[in-house]
Amino acid sequence: MSKYRLAVIEGDGIGPEIIRSAIAVLDKVAPHCFSYEKLVVGGVCLDLHGVPITDEAMQACKDSDSVLLGAVGGPKWDNLPGHLRAERALLGIRKELELFANMRPAKLFSVLKKASPLRQDIADRGFDMLIMRELTGGIYYGERGRKSDARGNTIAFDTESYNQTEVDRIARVAFEMARKRRKQVCSVDKANVLESSRLWRERVHVVAEEFPDIELSDMLVDNAAMQLVRDPSQFDVLVMANMFGDILSDEASQLTGSIGMLPSASLGEDKRGMYEPIHGSAPDLAGKNLANPLATILSVAMMLKYSFNMPEEAWRIEQAVEKTLLKGHRTKDIHDNDTPVLGTREMTDKVLQEL
Ligand code: NAD
């Protein structure tokens, strides 16, 4: 009998293709360990039920041991009002499951240096960082709305707010992660302007006292955006508020060569998490067997490591991906002129062969 129940959301666009790859890898590396409950969420759910996620699907996520997600959304649903956008489903799951810590590793595989947009001498130094993004607070969840001033001018507003508990718990996870890595945390904020950032900085320093073995530095977000392209090798763990993390992790992802390579994990207080590639549903590639499946496959490795205490199996997946790349196998997004282009299925087969 399967030990763990996985809620699986294929979603839209390339979602079904990359999830198929991820499940094939999971079944190979941990046979009979997981049962899968496929849930209809995102644009497909809007078409069927008129909402991005149903109460039943949300409950199934809550009842699961973890959630594996492809991607949701696409042009067909892009112009719906905010509360009906496909991405609302994800915000809902993160909030309901209290997944406050989003981990996005960004590592430059040495064999993919040519695919990175960085200048060669910078790429040669390599980088391996972990971006920790606060996921259930800040401006994406703050009060928002529209109003008119006395002259009938329309005003739109969104509110950034954090309480100290929210900052403390993400800071703690960041320090704990740094302990397993190179023992450095850089906290990113905008404390020269924003009050919420000043509280952020204060609390990160209070939590740092619990971790005397970790070196803490602060950096303003505008400087961090610049340093990421100037010298990304300086970073180990970066921790930041929701919106800053959203933006800087996409920037970091591009430095690795392709958004199709980067996994992510969202965790709460307990072991359950949601695992997904950082890219979206890539409607331009959907159904064409062109998507890079590696980000989703590497998300499965993160899931085994962080939610199911299976580090050995996680390591095997990471090794298989690395060997696949070393042998020169490439999907379209990461290929250079010397390598043939493989489709999603063929690339998945190469990884399966390495397992
Ligand atoms: P996107 O990440 O889907 O695509 C950006 C670019 O990266 C495109 O050129 C695409 O072809 C490429 N790309 C993405 N994934 C790839 C992969 N695995 N392999 C190769 N190339 C890949 O971002 P977008 O175009 O801004 O958004 C498309 C839709 O996805 C939108 O509806 C957006 O709202 C949604 N979205 C969903 C999520 C999510 O489900 N977590 C995240 C971001 C965007």
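Atoms within a ligand are numbered from 1 in the order they appear, just like the ligands themselves.
By the neighbour-count criterion of 12 heavy atoms within 6.0 Å, atom CZ of R345 is sparsely surrounded, having that number or fewer from other residues, nucleotides or ligands.
For a threshold of 3.5 Å applied to N or O pairs, the pair formed by A282 and ligand 1 contains at least one separation below that value. Between L290 and ligand 1, no N or O atom pair is found at a separation short of 3.5 Å. In terms of N/O distances under 3.5 Å, ligand 1 is not approached by G70. An N or O contact shorter than 3.5 Å is missing between P277 and ligand 1 by distance.
Close approach to E87 involves these atoms of ligand 1, each under 4.0 Å from a residue heavy atom: 32 (O), 33 (C), 34 (O), 35 (C). Heavy-atom proximity to G74, at under 4.0 Å, picks out these atoms of ligand 1: 32 (O). Heavy-atom contacts of A71 reach the following atoms of ligand 1: 40 (O) (cutoff under 4.0 Å). Atoms of ligand 1 lying under 4.0 Å from at least one heavy atom of D78, given by number and element, are 32 (O).
Under the 3.5 Å distance criterion, the side-chain polar atoms of D236 are matched with a main-chain donor or acceptor of Q184. A donor-acceptor pair is defined here as one N or O able to donate and one able to accept, closer than 3.5 Å; such a pair exists between the side chain of R198 and the backbone of A191. Looking at N292, its side chain never comes within 3.5 Å of a backbone N or O of T331 through a donor-acceptor pair.
For atom 41 (N) of ligand 1, the nearest protein heavy atom (residue, atom name, distance) is E276 OE1, 3.2 Å. Closest to atom 17 (C) of ligand 1, if we only count protein heavy atoms, is N292 N, 3.7 Å. Ranking the protein heavy atoms by distance from atom 40 (O) of ligand 1 puts V72 N, 2.8 Å first. The single protein non-hydrogen atom nearest to atom 43 (C) of ligand 1 is G280 CA, 3.5 Å, given as residue, atom name and distance.
Contact annotation for atom 27 (O) of ligand 1: protein absent (non-hydrogen atoms, distance under 4.0 Å). In this structure, atom 5 (C) of ligand 1 is not in close contact with the protein, since no protein heavy atom lies within 4.0 Å of it. Under the 4.0 angstrom criterion, atom 21 (N) of ligand 1 counts as having a protein heavy-atom contact.
With a heavy-atom cut-off of 4.0 Å, I259 touches ligand 1 through its side chain alone. Of all the heavy atoms of T296, none lies under 4.0 Å from any atom of ligand 1, so neither backbone nor side chain is involved. Within the 4.0 Å heavy-atom criterion, the part of L285 lying near ligand 1 is the side chain and not the backbone. Residue-level proximity to ligand 1 for L90 is carried by the side chain, the only part with a heavy atom below 4.0 angstrom. Using a 4.0 Å cut-off between heavy atoms, P283 contacts ligand 1 through its side chain alone, with no backbone atom that close.
Under 4.0 Å is where a charged nitrogen must lie from a carboxylate oxygen, and between D78 and R85 at least one such pair does. Under 4.0 Å is where a charged nitrogen must lie from a carboxylate oxygen, and between K76 and D47 at least one such pair does. By the 4.0 Å N-to-carboxylate-O rule, E318 lies close enough to K305 to be salt-bridged with it. Ion pairing between D63 and R272 fails under the 4.0 Å rule for side-chain N and carboxylate O.
In this structure, V321 is not a member of the same hydrophobic cluster as I18, with clusters built from ILVMFWY side-chain heavy atoms closer than 4.5 Å. Hydrophobic clustering (side-chain heavy atoms under 4.5 Å, transitive across Ile, Leu, Val, Met, Phe, Trp, Tyr) keeps M274 apart from L68.
F127 places none of its side-chain heavy atoms less than 4.5 Å from the side chain of I122.
The aromatic rings of F34 and F308 lie perpendicular to each other, with more than 60° between the two planes, well past the 30° mark.
R85 counts as a contact of ligand 1, since one of its heavy atoms falls under 4.0 Å from the ligand. At least one heavy atom of A291 sits closer than 4.0 Å to an atom of ligand 1.
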